[in-house]
Amino acid sequence: MKITLFWHRRDLRHHDNTGLAAALQGEHPVVPLFVFDREILDKLDNKADARVTYIFDAVETLATNTQHAGGTMLVYYGKPEQVFQQLLKEYDVAEVHTNEDYEPYARQRDATIEKLLGKHQVAFRMHKDQVIFAKDEVLTKAGTPPKVYGAYNKAWRAALQPDSFAEQPSKRLFKKENLHHLPKAPKRPTLADMGFERCEQPVPPAKLPPAAVVKNYHHTRDQPADADGTTHRSVHLRHGAMSVRELMRQANDLNDKLLDELIWRDFFMMLLWHFPDTAHESYDPKFRHIRWRNNEAEFKAWCEGRTGYPLVDAGMRQLNETGWLHNRARIATASFLIKNLLVDWKWGEQYFADKLIDYDMSNNIGNWQWTAGTGVTSSPWFRVFSPDSQLKKYDPDLAYVRQWIPEYNTDKYPAPLVDSKETRQRAIDTYRAARQ
Ligand SMILES: Cc1cc2nc3c(=O)[nH]c(=O)nc-3n(C[C@H](O)[C@H](O)[C@H](O)COP(=O)(O)OP(=O)(O)OC[C@H]3O[C@@H](n4cnc5c(N)ncnc54)[C@H](O)[C@@H]3O)c2cc1C
């Protein structure tokens, strides 16, 4: 019997899933698939990585729900190319559907799989799912990718169609008639089979945030102490346990500022697709030769939240303990590392990439380069956020600081690692020299 494979990647859900809906409407019964990719997992040093547990649980839920609906989900641990070679031998695959992924590695992987499937006359059908507009869909009048967020936002909004946020019918179609049951499906790998231990970080449910949170968002989003000040849905957007369309629909109805933030996500994803080299180098060539200090001891103090600057330290401790930190603290910690300590933004980006449960290459790269002033879109290179005034502005009652630094205001809390005013000037001088 001919089957259609639907390959889940950054879309760990059955509802509102573009590629899955297309697969289920096709000619052949569908077998959902997930590959725990050894190309990615083997590079993770931390064998108690919370993201792997998160993905594992989400895949288990999908597999159970597929079973309940009368189908079978295939789950493998291996290298995608080898897994597909095996699948092509074992099953009569008519076509493969999946949702597009715009990261450099994913594009390379997908090109390899497309070639392999092509050799077997199997169509590889990719769908847009994790953004509203992708790749070349929003361009300037000159036909180039907008590099300024304001212009992108305007063009993005102008390009909206009545059905841009429309829910895809995948959940309704996810039923026995459209699925294929495999009586002898291989056993799904466990975390231990893949060499990982369980590690759970607190995440909210993968459903819409309460309306009150969204309605107040523009008032509360800049207060790191307010646990309900932002949606905390980044981890679910990263892995597609929620559809970006559902959040956009809610934001569109209730809070335009939240829609703006979600548009940043589309923006960075589009930029990474156009400028994949920004994943490993500054976009602005003038800043590829900054004389970073890269002092290892200072970097360590930053990682551990021991710089003596409370907003920076509270942020790093929140990150180390929970795998998430507030956007304001992301900006404060990143700016302090890059500008006040003159550590290469790539070091900080990598540290966040290792720790963030919502780590998303396009958002992380885009925001680190924005803060460094080196990116496609950037804060001005001479702007150095003052860690003291940021604290006064965003945590005036020190509620966030006290939450994460119990020894704050005691002699156990370290003195400032560097002088913020002197290092501000040093950063400006160093950047200026790099421009010459
Ligand atoms: C240095 C730095 C690194 C970052 N790294 C990441 C990362 O790896 N992954 C990640 O998802 N976000 C990253 N961000 C963006 C932002 O801080 C997080 O998306 C946000 O804090 C997640 O919390 P939330 O879901 O409560 O966000 P909310 O404020 O509730 O926003 C809703 C959603 O909008 C999107 N969004 C919000 N702010 C931004 C932004 N500045 N850029 C792009 N999208 C945004 C996110 O998808 C977010 O989940 C980074 C920001 C900085 C300054």
Side-chain angles (χ1 to χ4, degrees), residues 10 51 103 130-132 149 152-153 156 202-206 208-210 213-224 226-248 250-252 254-272 279 302 311-312 315-316 318-319 322-339 343 345-379 385 390 394:
R10 294 182 50 146
R51 292 166 296 193
E103 292 185 5
Q130 55 166 317
V131 286
I132 302 301
Y149 171 74
Y152 177 79
N153 183 311
W156 187 100
V203 293
L208 287 176
V213 168
V214 175
K215 279 186 188 154
N216 289 330
Y217 180 78
H218 54 300
H219 293 305
T220 54
R221 62 184 282 268
D222 272 332
Q223 296 157 21
D226 184 349
D228 293 326
T230 67
T231 67
H232 291 259
R233 288 327 189 253
S234 46
V235 60
H236 302 312
L237 286 177
R238 166 62 184 86
H239 299 291
M242 290 186 69
S243 128
V244 74
R245 285 177 297 278
E246 60 183 322
L247 260 177
M248 291 260 192
Q250 192 191 31
N252 196 38
L254 299 180
N255 199 309
D256 208 47
K257 186 70 198 155
L258 179 60
L259 190 61
D260 279 343
E261 297 308 305
L262 290 162
I263 297 172
W264 271 103
R265 181 179 170 277
D266 266 28
F267 183 47
F268 283 133
M269 202 95 70
M270 179 279 291
L271 289 178
L272 185 63
W302 176 83
L311 184 58
V312 174
M316 292 310 289
Q318 183 178 28
L319 172 63
T322 68
W324 185 90
L325 78 165
H326 191 276
N327 183 57
R328 272 293 146 200
R330 295 190 202 212
I331 296 174
T333 51
S335 175
F336 186 80
L337 182 77
I338 303 164
K339 300 281 174 80
V343 170
W345 64 263
K346 295 192 277 304
W347 289 30
E349 196 275 333
Q350 184 59 51
Y351 190 78
F352 271 30
D354 290 341
K355 295 273 169 182
L356 279 175
I357 190 155
D358 66 14
Y359 166 62
D360 192 329
M361 181 185 270
S362 54
N363 271 357
N364 207 40
I365 292 285
N367 278 290
W368 272 92
Q369 291 225 37
W370 179 88
T371 312
T374 58
V376 183
T377 182
S378 270
S379 166
F385 291 102
Q390 294 270 302
Y394 299 116

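In what follows, every heavy atom counts, from backbone to side chain, and hydrogens, waters and symmetry copies are set aside. Ligands are counted one by one from 1 in listed order, and the atoms in each one are counted from 1 as well.
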Sorted by chain and number, sequence neighbours left out, salt bridge (Lys or Arg N to Asp or Glu O under 4.0 Å) with D226 holds for none
Ligand 1 contacted by Y217 (non-hydrogen, < 4.0 Å): yes
W324 near ligand 1, heavy-atom distance under 4.0 Å? yes
Take every heavy atom of R233, measure it against each atom of ligand 1, and state whether any distance is under 4.0 Å. yes
Salt-bridge test for R221 and D260: reply yes if a basic N is under 4.0 Å from a carboxylate O, no otherwise. no
Should one rank V244, N367, V235 by closest heavy-atom distance to atom 41 (N) of ligand 1, which comes out on top? N367
Under the salt bridge (Lys or Arg N to Asp or Glu O under 4.0 Å) criterion, do D360 and R10 qualify, and how do the steps go? CA-CA 11 Å; D360 192 329; R10 294 182 50 146; 3.0 Å; yes
Show the atoms of ligand 1 that are less than 4.0 angstrom away from any heavy atom in F268. 42 (N), 43 (C)
Note: ligand 1 atoms sitting under 4.0 Å from heavy atoms of L237 are 47 (O), 49 (O)
Considering the heavy atoms of S234, write down every atom of ligand 1 situated less than 4.0 Å from one of them. 11 (O), 22 (C), 23 (O), 25 (O), 49 (O)
Give me the nearest non-hydrogen protein atom to atom 16 (C) of ligand 1 as residue plus atom name, then the distance to 0.1 Å. N327 OD1, 3.5 Å
Here the pair of heavy atoms bringing L356 nearest to L325 is CD2-CD2, 3.9 Å
Check this for me, if you would: do E246 and R233 make a salt bridge, where the nitrogen-to-carboxylate-oxygen distance has to be below 4.0 angstrom? no
Aromatic ring proximity, centroids under 6.0 angstrom, F268 and W264: yes
Note the single closest protein heavy atom to atom 13 (C) of ligand 1, along with its residue, its atom name and the distance in Å. R330 NH1, 3.3 Å
Does H232 reach ligand 1, in the sense of a heavy atom lying below 4.0 Å from it? yes
Of T231, D360, T333, the residue with the heavy atom nearest atom 27 (O) of ligand 1 is T231
To check you understand the geometry: which heavy-atom pair defines the closest contact between N153 and I263, and what is its length? ND2-CD1, 3.9 Å
Would you mind checking which non-hydrogen protein atom is closest to atom 9 (N) of ligand 1, with the distance to 0.1 Å? D358 O, 2.9 Å
Salt-bridge present (E261, R265; N to O < 4.0 Å): no
Atom 10 (C) of ligand 1: closest protein heavy atom, distance to 0.1 Å, is N363 ND2, 3.3 Å
Using a 4.0 Å cut-off to any heavy atom of Y359, which atoms of ligand 1 qualify? 8 (O)
Compare all side-chain heavy atoms of T371 with those of L337 and state whether any distance is below 4.5 angstrom. no
Under 6.0 Å between the ring centres of W156 and F267? no
Of the protein's non-hydrogen atoms, which lies at the shortest distance from atom 5 (N) of ligand 1, and what is that distance? N364 OD1, 2.8 Å
What pair of heavy atoms forms the shortest contact from S378 to G373, and how long is it? OG-C, 3.2 Å
Is the closest heavy atom of L258 to ligand 1 under 4.0 Å? yes
Given that the side chain starts at C-beta and the backbone is N, CA, C, O, which of these parts of L356 lies under 4.0 Å from ligand 1, counting heavy atoms, or is it both or neither? side chain
Which residue and non-hydrogen atom of the protein lie closest to atom 33 (C) of ligand 1, and at what distance in Å? L262 CD2, 3.6 Å
Numbered atoms of ligand 1 (with element) below 4.0 Å of E261, judged on heavy atoms: 34 (O), 35 (C), 36 (N), 37 (C), 38 (N), 39 (C), 44 (N), 45 (C)
Looking at residues at least two apart in the chain, or sitting in another chain, which of them share a side chain to side chain contact (heavy atoms under 4.5 Å, CB included) with V235? Y54, V203, H239, I357, D358
Check ligand 1 against I331 and write out every atom of the ligand that is under 4.0 Å from a heavy-atom position of the residue. 53 (C)
